Trainee: 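Before we start, here is the structure in question, set down as structure tokens.
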Amino acid sequence: MKKIHRKGRIEVITGPMYAGKTEELIRRIRRAQFANEKIVVFKPAVDDRYAESEVVSHDNSRTKSINIVNSIDILNHVDEYTDVVAIDELQFFDDDIVDVVEQLASQNIRVIVSGLDMNFRGDPFHPIPELLSLAEEVDKLTAVCVVCHADATRTQRIVNKRPARYDDPEILVGATESYEARCRHCHSVPGKPKNKLSK
Ligand code: ADP
Ligand code: TMP
Ligand code: MG
Ligand code: ZN
């Protein structure tokens, strides 16, 4: 019987800000380019932080990308020859992104996505948690806690030199002027409802 090579799959790269998610995404993109694979890179239009039509890391690695307003539009940029789709800043896409990623994988495309698993509140950041459960492969990276230098799994938002309050809006595009990598113990969110088991 003829063997069919099915390469459709979902890979998730996640963790807090500064963990190297974008660097790892770019590394996988470059590797696929070396293998002469047809690859399309996307990011949400809302992310205008370092460049408009490039995915850029905090350390200035960069690669060309297509800006997307509605996640469903991603499907218009792929065809039967597309081998790999890479998507950065997944947390900024609308709810359809989960179906879009699933659809691409079922069309035999390797889909590599990267994004935050927690918002500044330390709560799950939709839609990465959904994709973590659907993915074939998950890499949860850590940064360095700026306070104690332990592994950082969380992102601290700073507003006017103070920790942002729990009821601040979830979305605020930014980098070092507004955000720090912190470990669980150094992360603080004034106004966060207490865990019902904590004393
Ligand atoms: P992400 O997309 O996860 O936010 P990037 O891939 O854009 O991360 O950037 C990772 C780079 O950020 C690191 O290689 C390092 O140069 C830089 N960096 C800045 N602050 C930190 C930190 N607190 N911990 C680790 N890396 C940091
Ligand atoms: P990064 O993971 O590539 O560093 O980028 C994360 C982006 O997400 C950055 O623009 C800041 C933004 N962000 C929010 O909008 N809300 C949040 O709660 C957090 C932690 C980050
Ligand atoms: Mg990034
Ligand atoms: Zn710490």
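When a ligand or atom number is given, it counts from 1 through the structure's own listing order. Both backbone and side-chain heavy atoms feed into the values below; hydrogens, waters and symmetry mates do not. All values derive from a computational prediction rather than experimental measurement.
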Trainee: Report yes or no: does a heavy atom of Arg157 sit under 4.0 Å from some atom of ligand 2?
Mentor: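 Yes, Arg157 has a heavy atom closer than 4.0 Å to ligand 2.
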Trainee: At a 4.0 Å threshold, what atoms of ligand 2 neighbour a non-hydrogen atom of Thr155?
Mentor: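 Going through ligand 2 atom by atom, the ones under 4.0 Å from Thr155 are 20 (C).
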Trainee: Quick check for you: to the nearest 0.5 Å, what is the distance between Leu75 atom CG and Ile68 atom CD1?
Mentor: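 So the CG of Leu75 and the CD1 of Ile68 are separated by 9.0 Å.
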Trainee: Which of the atoms in ligand 2, numbered in the order shown and given with their element, are less than 4.0 Å from a heavy-atom of Ile171?
Mentor: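 By the 4.0 Å cutoff, the relevant atoms are 15 (O).
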Trainee: Decide, yes or no, whether a salt bridge links Glu24 with Lys21 under the criterion of side-chain N to carboxylate O below 4.0 Å.
Mentor: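 Salt bridge absent between Glu24 and Lys21.
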Trainee: Check Asp47 against ligand 2 and report side chain, backbone, both or neither, counting heavy atoms closer than 4.0 Å.
Mentor: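 Neither part.
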Trainee: Drop me the distance from Ile112's CD1 to Ile10's CD1, to the nearest 0.5 angstrom.
Mentor: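 Separation between the atoms: 12.0 Å.
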Trainee: Looking at the Zn ion (ligand 4), is there an N, O or S atom belonging to His185 that lies under 2.8 Å away from it?
Mentor: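 It does not: His185 brings no N, O or S atom closer than 2.8 Å to the Zn ion (ligand 4).
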Trainee: Could you tell me, atom by atom, which parts of ligand 2 come under 4.0 Å of a heavy atom of Leu172?
Mentor: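 Within the 4.0 Å cut-off of Leu172, ligand 2 contributes 11 (C), 12 (C), 13 (N), 14 (C), 15 (O).
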Trainee: Quick one: do the Ser71 and Asp94 side chains pair a donor with an acceptor below 3.5 Å?
Mentor: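 Yes.
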Trainee: As a quick check of understanding, evaluate side-chain contact (heavy atoms from CB on, under 4.5 Å) for Val40 and Ile74, giving each step before the final call.
Mentor: CA-CA 9 Å; Val40 200; Ile74 289 175; over 6 Å; no
Trainee: What's the separation between atom OG in Ser57 and atom CD in Glu23, rounded to the nearest 0.5 Å?
Mentor: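 Rounded to the nearest 0.5 Å, the OG-CD separation comes to 4.5 Å.
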Trainee: Is it the case that His126 and Asn119 place a side-chain donor and acceptor less than 3.5 Å from each other?
Mentor: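 No, no side-chain donor-acceptor pair sits under 3.5 Å.
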Trainee: Which distance, rounded to the nearest 0.5 Å, do you find between the CG of Asp88 and the CD of Glu54?
Mentor: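 Going from CG on Asp88 over to CD on Glu54, the span is 12.5 Å.
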Trainee: For ligand 2, is any non-hydrogen atom under 4.0 Å from Arg49's backbone (N, CA, C, O), its side chain (CB onward), both, or neither?
Mentor: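 Under 4.0 Å from ligand 2, Arg49 contributes side-chain atoms alone.
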Trainee: What atoms in ligand 2 come closer than 4.0 Å to a heavy atom of Gln91?
Mentor: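 It comes down to these atoms of ligand 2: 6 (C), 7 (C), 8 (O).
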Trainee: First locate atom CD of Glu89, then atom OG of Ser114, and finally report the distance between them rounded to the nearest 0.5 Å.
Mentor: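 Glu89 CD to Ser114 OG: 6.5 Å, rounded to 0.5 Å.
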Trainee: Would you mind running through ligand 2 and noting each atom that sits below 4.0 Å from a heavy atom of Glu170?
Mentor: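 With Glu170 as reference, the close atoms of ligand 2 come out as 14 (C), 15 (O), 16 (N), 17 (C), 18 (O).
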Trainee: Numbering the atoms of ligand 2 from 1, which are under 4.0 Å from a heavy atom of Gly174?
Mentor: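 Listed by number with element: 9 (C), 10 (O), 11 (C).
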Trainee: Heavy-atom distances under 4.0 Å decide this one: backbone, side chain, both or neither, for Val173 against ligand 2?
Mentor: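 It is both backbone and side chain that touch ligand 2.
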Trainee: Taking the Zn ion (ligand 4) as the vertex, what is the angle from SG of Cys145 to SG of Cys183, given to 10 degrees?
Mentor: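 Answer comes to 120°, rounded to 10°.
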Trainee: Check each atom of ligand 2 against the heavy atoms of Glu89 and keep those under 4.0 Å away; list them by number with element.
Mentor: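 Listed by number with element, the hits are 1 (P), 3 (O), 5 (O), 6 (C), 7 (C).
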Trainee: Would a distance-only check, ignoring hydrogens and angles, find a side-chain to backbone donor-acceptor pair under 3.5 Å from Asp79 to Tyr81?
Mentor: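 Here the side-chain-to-backbone pair exists.
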Trainee: Distance to 0.1 Å, residue and atom name: give those for the protein heavy atom nearest to atom 14 (C) of ligand 2.
Mentor: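 Minimum-distance protein heavy atom for atom 14 (C) of ligand 2 reads Tyr179 OH, 3.3 Å.
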Trainee: Can you tell me if an N/O/S atom from Cys186 lies under 2.8 Å from the Zn ion (ligand 4)?
Mentor: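 Yes, Cys186 qualifies, because one of its backbone or side-chain N, O or S atoms lies under 2.8 Å.
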Trainee: Backbone or side chain, does Met17 get an N/O/S atom under 2.8 Å to the Mg ion (ligand 3)?
Mentor: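 Given the 2.8 Å cut-off, Met17 does not count as a ligand of the Mg ion (ligand 3).
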